[in-house]
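Quick caveat: nothing in here was measured; it's all calculated off a predicted structure.
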Amino acid sequence: MAADRRIVIENCAIATVDADDTEYAHGHVVIAGNRIETLGAGRAPEGLENVDRRIDATGHLVTPGLVNTHHHFYQWITRGLATDHNLFDWLVALYPTWARIDEQMVHAAAQGSLAMMARGGVTTAMDHHYVFPKGSGDLSGAIIRAARETGVRFTLARGSMDRSEKDGGLPPDFAVETLEGALAATEATVKEHHDTSFDAMTQVAVAPCSPFSVSTELLREGAELARRLGVRLHTHGSETVEEEKFCHELFGMGPTDYFESTGWLGEDVWMAHCVHMNDSDIAAFARTKTGVAHCPSSNARLAAGIARVPDMLAAGVPVGLGVDGTASNESGELHTELRNALLINRLGAHREAALNARQALRLGTYGGAQVLGRATDTGSLEPGKLADLVLWRMDTLAHASIADPVAALVLGAAAPVTASFVGGRQIVEEGRLLHVDEDAIARSTREQARRLARIAAQG
């Protein structure tokens, strides 16, 4: 939309998730071009020019778009497998299948993952892709193409693995790259796809997979590469007790100390899970402003444990929410993570004081933007920020009797998305995606899942 063209949204409740958690029971938002021009209580100002559209949002809550901070899109076509495994056994069971993916499969899986998130209120997504079988095609390009087709803002965390079974790692030998190959391919991906502009739709991070699938050299040199290129760093950390044991046996120290020894703590770093963190670990993350992608559903699915999110937040650690791969969170939706983050953390030491509804919404919006390095341009509703926002319908049977719309959104059933905007461009209307065919994507993902299963069965 041209910078001088406007969309006016009125008669809605608004949760801005700004620094003061400003909310309006009856308010308006004015979008000009790709940015939020004004917002506030009551109706929009009179006399606005070049208004292309007025939306009567009676019965709706408007929030920032949800921000997903950790995912593995390719897993969309291996959902429902190894459903009663812990992390290490789950990985061993699935790596031989994952090692046979190709460009066609990855594109279909990315479409499925993105479609499910976008129709549920996600406006900024990320994918940590680390499986690059030889001869599989342009997997990074396939993922980025799917994000552009869907219309979401996107960060590709270009992953890598170079520690296979023969080196004491978990992936099969044919599923990993060489150190040199991984670094070269990652640098090429950054140079081809990373956009540094304020309204960037595609960014790239350097993302070796995890301590048990990556050599110390790849971690250290990956950090150096990211900082030379000026991009962020992402990996898995402290996900399970098995990982803690693994790091002590191989490196003589716990995961956090190991990461710090390889240059992997800092305000340009975020890590997925961080379930098994002691006080010293949390203090190190807080001191260095290292971010965390909290994935409550996946942590529960794989019996990893309950992350100490309240303690992280109290210490000043940046925390966002993640779907994680859909082979460990088959719903593939981020808005359900708002509820699960609140509920699961209340099972921990802080009980009912662990998180409240507004903290959960902040994790899924501003917190996510913060750990992706995009908090200056998205994650909250403020004049000058990008117009990434969602209209949640709150007047149906599912929510109409809950007076507090934020509590309704977080604790109630999944709220219908009437409209979702990314940079002022609408991508969802009445719960349906506008720029891709959901039914065609469902057929494609089913076909590619069956194709992968056949190939894997053949060995």
### Message
Considering only residues two or more places apart or on different chains, which pairs with a residue in residues 398-409 satisfy side chain to side chain donor-acceptor pair (under 3.5 Å)?
### Response
Arg358-Asp404
### Asp52 side-chain N/O to Arg6 backbone N/O, donor-acceptor pair under 3.5 Å
no
### Task
Kindly give the heavy-atom pair with the smallest separation between Ala387 and Ile31, and that separation in Å.
CB-CG2, 3.7 Å
### Query
Closest heavy-atom contact between Val275 and Gly305?
CG1-C, 3.6 Å
### Task
Determine, stepwise, if the pair Arg5 / Asn50 fulfils side-chain hydrogen bond (donor to acceptor under 3.5 Å, both in side chains).
CA-CA 5 Å; Arg5 311 306 297 181; Asn50 302 323; 3.1 Å; yes
### Message
Checking Gln111 against Thr445 for the side-chain hydrogen bond (donor to acceptor under 3.5 Å, both in side chains) test, could you report, in this order, the C-alpha distance in whole Å, the side-chain angles of both residues, the deciding distance, and whether it holds?
### Response
CA-CA 8 Å; Gln111 283 188 314; Thr445 57; over 6 Å; no
### Message
Among His236, His234, His129, which residue satisfies the ring pair (Phe, Tyr, Trp, His ring centres under 6.0 Å) criterion with His72?
### Response
His236
### Message
Strictly below 4.0 Å, N to O, side chains only: are Arg393 and Asp395 in salt-bridge contact?
### Response
yes
### Query
How close do Ala226 and Leu233 get, heavy atom to heavy atom, and via which atoms?
CB-CG, 3.6 Å
### Summary
Residues Trp392 and Val417: closest non-hydrogen pair is CZ3-CG2, 3.6 Å
### Query
Would a line drawn from the ring center of His26 to the ring center of His28 be shorter than 6.0 Å?
no
### Query
If only atom types and distance count, is the side chain of His60 paired as donor or acceptor with the main-chain N or O of Cys12 below 3.5 Å?
no
### Query
Of all heavy-atom pairs between Leu39 and Glu382, which one has the smallest distance, and what is that distance?
CD2-CA, 4.2 Å
### Message
Any side-chain to backbone donor/acceptor pair from Arg339 onto Ala360? Under 3.5 Å, distance only.
### Response
no
### Note, Leu87 side chain near Trp90 side chain (heavy atom, < 4.5 Å)
yes
### Message
Can you confirm whether the side chains of Gln448 and Arg451 place a donor and an acceptor under 3.5 Å from each other?
### Response
yes
### Query
Can we say Arg35 and Asp377 salt-bridge, meaning some charged N sits less than 4.0 Å from an Asp/Glu carboxylate O?
no
### Message
What's the separation between atom CG in Asn329 and atom NE2 in His70, rounded to the nearest 0.5 Å?
### Response
11.0 Å
